[in-house]
Amino acid sequence: MNASTLLDGLNDKQLEAVTLPHQSALILAGAGSGKTRVLTTRIAWLIQTGQVSPLGLLAVTFTNKAAKEMLTRLTSMLPINTRGMWVGTFHGLCNRLLRAHHREAQLPATFQIFDTADQLSAIKRLMKAMNVDDEKYPPKQVMGYINSCKEEGLRAHAVEAYDAHSQRMREIFEEYDKQCQREGVVDFAELLLRCYELLSRDSTIRQHYQSRFKYILVDEFQDTNRLQYLWLKLLAGEQQASGRNCIFAVGDDDQSIYAFRGARVGNMRDFERDFAVQSIVKLEQNYRSYSNILDAANAIITHNRNRLGKNLWTAAGKGEPVRVYEAYNDIDEANFIVDEVKSLHAEGHGLGEVALLYRSNAQSRVLEHALFSANLPYRVYGGLRFFERAEIKHALAYMRLIANPHDDTALLRVINFPTRGIGARSLEQLQETARSQGGSLWQAALQAAGKGDAIKAKGIPGFVALVKQMQEEAIGITLPEVAELATGLSGLRTFYQSEKEGEDRIANLDELINAAVAFTNQEIGVQVDENGEVAQSLLTQFLTHASLEAGEHQAEAGREALQLMTVHAAKGLEFKVVFISGLEEGLCPHEQSLYEAAGLEEERRLMYVAVTRARQRLYLSYAQSRLLHGQVRYGIPSRFLDEIPDELIKRLNAKPVARSGYGQDYNAMPKVMSKTSQEQKSAMPWKIGQSVAHAKFGQGVVVSYEGNANDMRVQVNFGREGLKWLALEYAKLEAV
DNA sequence: CTTACGTGAGTTTTT
DNA sequence: CTCACGTAAG
């Protein structure tokens, strides 16, 4: 492929972005504007025109999926071998760098990577040892604290702590890092921080990479956290006569929906300033949706104040109106969707092209139930992933012990699984020994087994013997054979065979061995061949792969099925038909978000992302009431619906009718009632669930009431104005 | 060590 | 309501 064919079909803006000169640039790429195409074409163009060799650039993404996609596209554009190229996730690239310089980074060559579950159990274990009250310091919060510190680029000693509570937190943080160091493990955030510190500390290594990566490309730049930004800055190097390496940052501030996990949209503005960005290229032509859908999205997002500014347009024409359905309740909403999907299917739309989106996972329940009853095939994203399953984690723990028996987390996971009579007492003793000697649990176990302290250490000799045997047998065998060892010799397989419902688990264990085969085939050839070392290093690689890439989200491929997922999970995807359900105040925008400073704007961006997923047809639905936390909740339509101009909308129903329900009228059973006398009921001018209007607060829904006939108060949910108690005597309410 | 029961919480998620 | 977790009893 020559340069002209490479650039064929790009629009002016895309072309401009792809062929920018050697300087840092910010590409504001709207939804559906060909972002990935621009990014990959830029790389291909740089390589093809000889401005850089495939090994002289670095491209970083957030997800493995995005990285793979980039490599796949690149392979189809250029006749090059992408193997060896530095294209990957932040974590993947940092891991690679740390492996290459593990000594300088003060890590063992076989360092293991903690996933979130590993990290949490390590923190719990540490807190127990430190005698920390886990009521005052919930382990999950401690983990969040540690991770967010690291994501800010801070170690324990650098964190500010003025009160006793935060000082204790800081102390746990410090001890946790020590523990990880002792055990030779790193968590996700550590991967980045360690890499960042290595580069800042070691000028030789830093300069090596700085002189190597003349071009750095970043995908989804709006999602970078502070540490990631610092890392990028470090790799880019200082501004000097020879010129700084240039960063090609692609992002969309309007699609920043991960502030809650540390993403800083502000990095975009900082980048502009820090890198003296001359060229901001806006990609505003959308190739995905018809203009009714796009205009709805634009209308919504213009309500945000804090934007870089961008307006999507399309040449595709108006298309269909945005369909809005007001449901009686959540079940009615689900049934409506089922009926619509059925007729779409009958009209020949493939089910795989239809997505049902919602704000929170809990909402999928009702939808699933309706779909199941209607016998429509569907697929829910977001469950447990392959490498996160319990049986797989157990097998991996055995494999981890083969690679490094001092991995206490792995040891604790399986020392008594399958059960071999090692109870809390012997475990405590082991931990005591380990603590007093400053060694690992494995070392303590060796002693306990060696001493032959048969009564107290019952079962431990067996476990020690097992791991030793695994380690011996693992020498010189292939990776799948190691996996076989971990599932067979460990007793896992036998255990699940005797389990009643262990069939699926056995199947997963088999799948793990298949994964090991696949991994071996894929990685073979790049291995440094040294007999005995092959299995070892490949084993470490496989374990790394398992931590860094937990696998597809429940890939049930093959069958055409409806796609159910949260709006977050839908980012980056597109569908011919999209249903967005649960558009009520409190749910979308989520009530929790309203307490946060920039919460509402992020919720609005979420809505923007959801709307822009649709190519051809968009349904928006909301329910007057729904069952939430086992209680009936009355909501009012989401403010985001009001932000869409009427002319883009087609209301599917004027007045919601109870199509079907819980078999009874919610209104007949008010939730909160101080007294249930007959007089009260008759004196109650408003039904629970009645929509009302208030001069000051606007539209609301009656939620409950209290008091007697003379002194009645009603509680009204005004959505964004909140819940209000109004005395009927004074408040003028009108039915809507 | 397993099972039963009680308690409490209950956005969004990738690595 | 429903699930996950922790504790108490068998």
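Below, chains carry the letters A, B, ... as their sequence lines are ordered, and counting in each starts from 1.
- Listed by first then second residue, pairs satisfying ring pair (Phe, Tyr, Trp, His ring centres under 6.0 Å) with a partner in residues 122-151 of chain A read A:Y137-A:H165, not counting sequence neighbours.
- A donor N or O paired with an acceptor N or O is not found under 3.5 Å between the base of B:dT12 and the side-chain atoms of A:S593.
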I'd like a list of close polar pairs between nucleotides 5-10 of chain B and the protein, N/O only, cut-off under 3.5 Å.
from   : atom 1 : to     : atom 2 : distance (Å)
B:dG10 : N3     : A:H629 : ND1    : 3.4

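- In this structure A:A259 satisfies the side chain to side chain contact (heavy atoms under 4.5 Å, CB included) test together with A:E602, sequence neighbours excluded.
- Considering only residues two or more places apart in sequence or on other chains, A:Y258 meets the ring pair (Phe, Tyr, Trp, His ring centres under 6.0 Å) condition with A:F260, A:H568.
- Applying the salt bridge (Lys or Arg N to Asp or Glu O under 4.0 Å) rule to pairs touching residues 563-572 of chain A yields A:E220-A:K571, A:D223-A:K571, sequence neighbours excluded.
- Legend: residues meeting side chain to side chain contact (heavy atoms under 4.5 Å, CB included) with A:A334, ordered by chain and number and at least two apart, are A:V366, A:L367, A:A370.
- Computed from coordinates, the A:F62 CZ to B:dT14 P distance equals 13 Å when rounded to whole Å.
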Sort me out a list of protein N/O and nucleotides 2-7 of chain C N/O pairs below 3.5 Å, or just none if empty.
from  : atom 1 : to     : atom 2 : distance (Å)
C:dT2 : O3'    : A:R365 : NH2    : 2.8
C:dC3 : OP1    : A:R365 : NH2    : 2.6

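- Among B:dT12, B:dT15, B:dT11, the nucleotide with an atom closest to any side-chain atom of A:N64 is B:dT15.
- Checking B:dC1, B:dT11, B:dT15 against every side-chain atom of A:T116, the shortest atom distance belongs to B:dT15.
- A:A516 is linked by a side chain to side chain contact (heavy atoms under 4.5 Å, CB included) to A:L479, A:P480, A:A483, A:F542, counting only residues two or more places apart in sequence or in another chain.
- Using a 4.5 Å heavy-atom threshold, the side chains of A:S148 and A:E152 count as separate.
- Residues satisfying the salt bridge (Lys or Arg N to Asp or Glu O under 4.0 Å) test with A:E428, not counting sequence neighbours, are none.
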